[in-house]
Every structure is written in C-alpha cells, then in structure tokens.
Amino acid sequence: MRRMRFVIFTVLLGFCGPAEVAVADDAANAWKALRSGGHVALMRHTDAPGGAGDPPGFRVDDCATQRNLSEKGRADAEKIGSRLKREGIAFEKILSSPWCRCIDTAKLVNLRTVETEATFGNVVVLRDQRETLTSGARALIAKWTAHGNLLIVTHGANISALTGISPASGEIVVVGSGSGEAVGRLMLE
C-alpha cells in the first residue's frame, strides 16, 4: 500500500511539475522579451462580465450599449499597469480595439496615451470581417520595427486568432514583432 501511494505521488508530481515549470518559463521569457524591447504585447481587456460579444443593438461609439469593465476589471487594469511600471517595462506606443472595455483597460494601465485601431475590433461580433481584421492585425504586428515595445489591448478571440492562445482576462501574450510568434505570457493581477 505504501509503495502504491509512492507511485501515485510520483506520477502526480510528473503531471504537475512540467506545467508549473512551463508557466514560470512563459513568464520569464515574456519579461525578458519586454525588457529587451522591440516586442508586441497583446493584452486581453480585463474583466467585463456578460459573456462573449455584446448585447443586441450595441454601438461601438456608445459605451452604455456595450459590455463594460467591472470594478474588478478596473482595479486589475490599474494593478497591471503598476506592476509593469515597477518592472521597468515601457511601451513606445499603445493601441486599442475601439470597444470601450479595451480603451478603458488601456487607459487604466496608465502607461501612455492610447490610440484606437479598427483592425483590433472584436472578431466575435464582426465575424464576417474576421479574416480581414486578423490579416490587418498580423500586418501591423509584422511592421513593428521600433526598439521600444508596442502594447495592444484587444479581445481574447482576436489574440486567439493571432496566436492560437486563448488568454484570460487581463493576460498579456508577448510576441515577436516580425514573426508574431508567442514568446511568453504574463498574468499580472
């Protein structure tokens, strides 16, 4: 019986260990990339309850018609910005989806002025434009050749379409500017 427990314990360690190491490696790689500059950070907006997409009849130019950040989402965005500042991470430019929850997240991170970019519009809501939006986003990322970093605040489905990674609210996926390949991930709450 004791031997059986040892075998089960060893097997469980084998399953848990690599995942934890992978998460730590992802974070270490993301920090390293952002400190070196010239990378693109794709950030999913912070907590905005209400499911995927937006209510029927929403308008991009009217925040009252959209899903918006919760108090938790607002606080998380501020915490993420504070953590990035403490880590010495700077962004040369910040772009956001035109959706209010993304703009608000980008502004609350409080790292610099925010510009909206239509190509990062919600691919769930604009599903008939998904290919065009994703191609435009890939082209924009590929053109980023500055020494500084670019922060893009967008939607989880957009990041998934670009990287194959489905990020949590507020998660940052760091990609190489020329390749668009993911180099690491950060959860900073």
Side-chain angles (χ1 to χ4, degrees), residues 23 26-27 30 39-85 89 91 93-144 149-175 180 182 184-189:
V23 169
D26 271 352
H39 285 81
V40 177
L42 300 168
M43 180 179 180
R44 181 178 177 187
H45 62 78
T46 51
D47 186 58
D54 284 283
F58 88 98
R59 291 192 338 261
V60 173
D61 63 345
D62 185 355
C63 295
T65 66
Q66 300 177 32
R67 285 178 40 229
N68 289 292
L69 297 182
S70 65
E71 286 305 314
K72 177 188 182 331
R74 298 180 78 72
D76 287 348
E78 290 173 351
K79 287 178 195 173
I80 291 166
S82 294
R83 174 73 189 276
L84 290 166
K85 285 177 195 170
I89 305 302
F91 292 95
K93 189 173 193 174
I94 298 179
L95 298 176
S96 173
S97 160
W99 266 248
C100 296
R101 58 188 170 270
C102 295
I103 295 168
D104 290 346
T105 298
K107 286 181 178 178
L108 289 165
V109 167
N110 195 28
L111 296 172
R112 72 176 316 115
T113 58
V114 177
E115 300 173 35
T116 59
E117 175 55 56
T119 198
F120 294 104
N122 191 329
V123 297
V124 170
V125 175
L126 303 173
R127 64 185 140 278
D128 58 327
Q129 299 174 44
R130 181 183 177 98
E131 292 302 317
T132 302
L133 294 171
T134 304
S135 295
R138 278 198 179 97
L140 194 146
I141 291 166
K143 285 187 218 173
W144 185 256
N149 295 309
L150 170 63
L151 174 62
I152 298 168
V153 181
T154 188
H155 310 270
N158 294 57
I159 295 170
S160 182
L162 291 166
T163 67
I165 295 169
S166 183
S169 293
E171 185 173 357
I172 297 171
V173 177
V174 179
V175 300
R185 298 168 70 170
L186 294 171
M187 274 302 297
L188 301 178
E189 290 182 39

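Residues take their numbers from the sequence shown, with the count starting at 1.
When each of Ser97, Cys102, Ser96 is tested with His45 by the rule side-chain contact (heavy atoms from CB on, under 4.5 Å), just one qualifies, namely Cys102. Just one residue in the list Asp54, Thr116, Asn68, Thr154 forms a side-chain hydrogen bond (donor to acceptor under 3.5 Å, both in side chains) with Trp99, and that residue is Asp54.
When atom types are taken as modelled, the side chain of Arg112 and the backbone of Phe91 share a donor-acceptor pair closer than 3.5 angstrom. A donor-acceptor contact shorter than 3.5 Å is absent between the side chain of Ser70 and the backbone of Pro49. A side-chain donor-acceptor contact under 3.5 Å links Arg44 to the backbone of Pro167. Side-chain atoms of Ser160 never come within 3.5 Å of backbone atoms of Gly156 as a donor-acceptor pair (strictly under, hydrogens ignored). Without hydrogens or angle criteria, Arg185 side chain to Asp26 main chain gives no donor-acceptor distance under 3.5 Å.
Here the closest heavy-atom approach between residue Phe120 and residue Ala137 is recorded as CE2-CB, 3.4 Å. Looking at every heavy atom in both residues, Arg67 comes nearest to Arg101 through O-NH1, 3.1 Å. In plain terms, the two heavy atoms of Gly170 and Ile80 that are nearest each other are O-CD1, 3.6 Å. Closest of all the heavy-atom pairs between Asn158 and Thr119 is ND2-O, 4.5 Å. For the pair Ala168 and Met187, the tightest heavy-atom approach, listed with the atom from each and the gap, is CB-SD, 3.9 Å. Smallest separation of non-hydrogen atoms from Thr134 and Ala161: OG1-CB, 3.8 Å.
In this model, a donor atom of one side chain and an acceptor atom of the other lie less than 3.5 Å apart for Thr46 and Thr105.
Contact annotation: the side chain of Asn110 never approaches that of Glu78 to less than 4.5 Å [non-hydrogen atoms, C-beta and beyond]. Using a 4.5 Å cut-off on side-chain heavy atoms (C-beta onward), Lys79 and Leu188 make no contact. Inter-residue side-chain proximity for Glu117 and Ile152 is flagged as unmet; no heavy-atom pair is nearer than 4.5 Å. Residues Leu42 and Ile141 form a side-chain contact, since some pair of their non-hydrogen atoms from C-beta on lies under 4.5 Å apart. When side chains are defined from C-beta on, Leu151 does not count as touching Asn149, because their heavy atoms never get closer than 4.5 Å. Taking 4.5 Å as the limit, every side-chain heavy atom of Val109 sits out of range of all side-chain heavy atoms of Val153.
The 12-atom threshold is not exceeded at NZ of Lys143, counting heavy atoms of other residues, nucleotides or ligands nearer than 6.0 Å.
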Contacts under 3.5 angstrom, residues 121-129 side chains, donor-acceptor by atom type, not counting sequence neighbours:
unit_1: Asn122; atom_1: OD1; unit_2: Val124; atom_2: N; d: 2.8
unit_1: Asn122; atom_1: OD1; unit_2: Val125; atom_2: N; d: 3.4
unit_1: Arg127; atom_1: NH1; unit_2: Val124; atom_2: O; d: 2.6

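Rounding to the nearest 0.5 Å places CD1 of Ile94 at 9.5 Å from CD of Glu115. The OG atom of Ser169 lies 7.5 Å from the NZ atom of Lys72; values are rounded to the nearest 0.5 Å. Within the model, atoms NE2 of His39 and CG of Leu150 stand 12.0 Å from one another, a figure rounded to the nearest 0.5 Å. Remark: Leu69 CG to Asp47 CG distance equals 8.0 Å, nearest 0.5 Å. Glu171 contributes atom CD, which lies 7.5 Å from atom CD1 of Ile165 (distance to the nearest 0.5 angstrom). One finds the CG atom of Leu84 at 7.5 Å from the CE atom of Met43 (value rounded to the nearest 0.5 Å).
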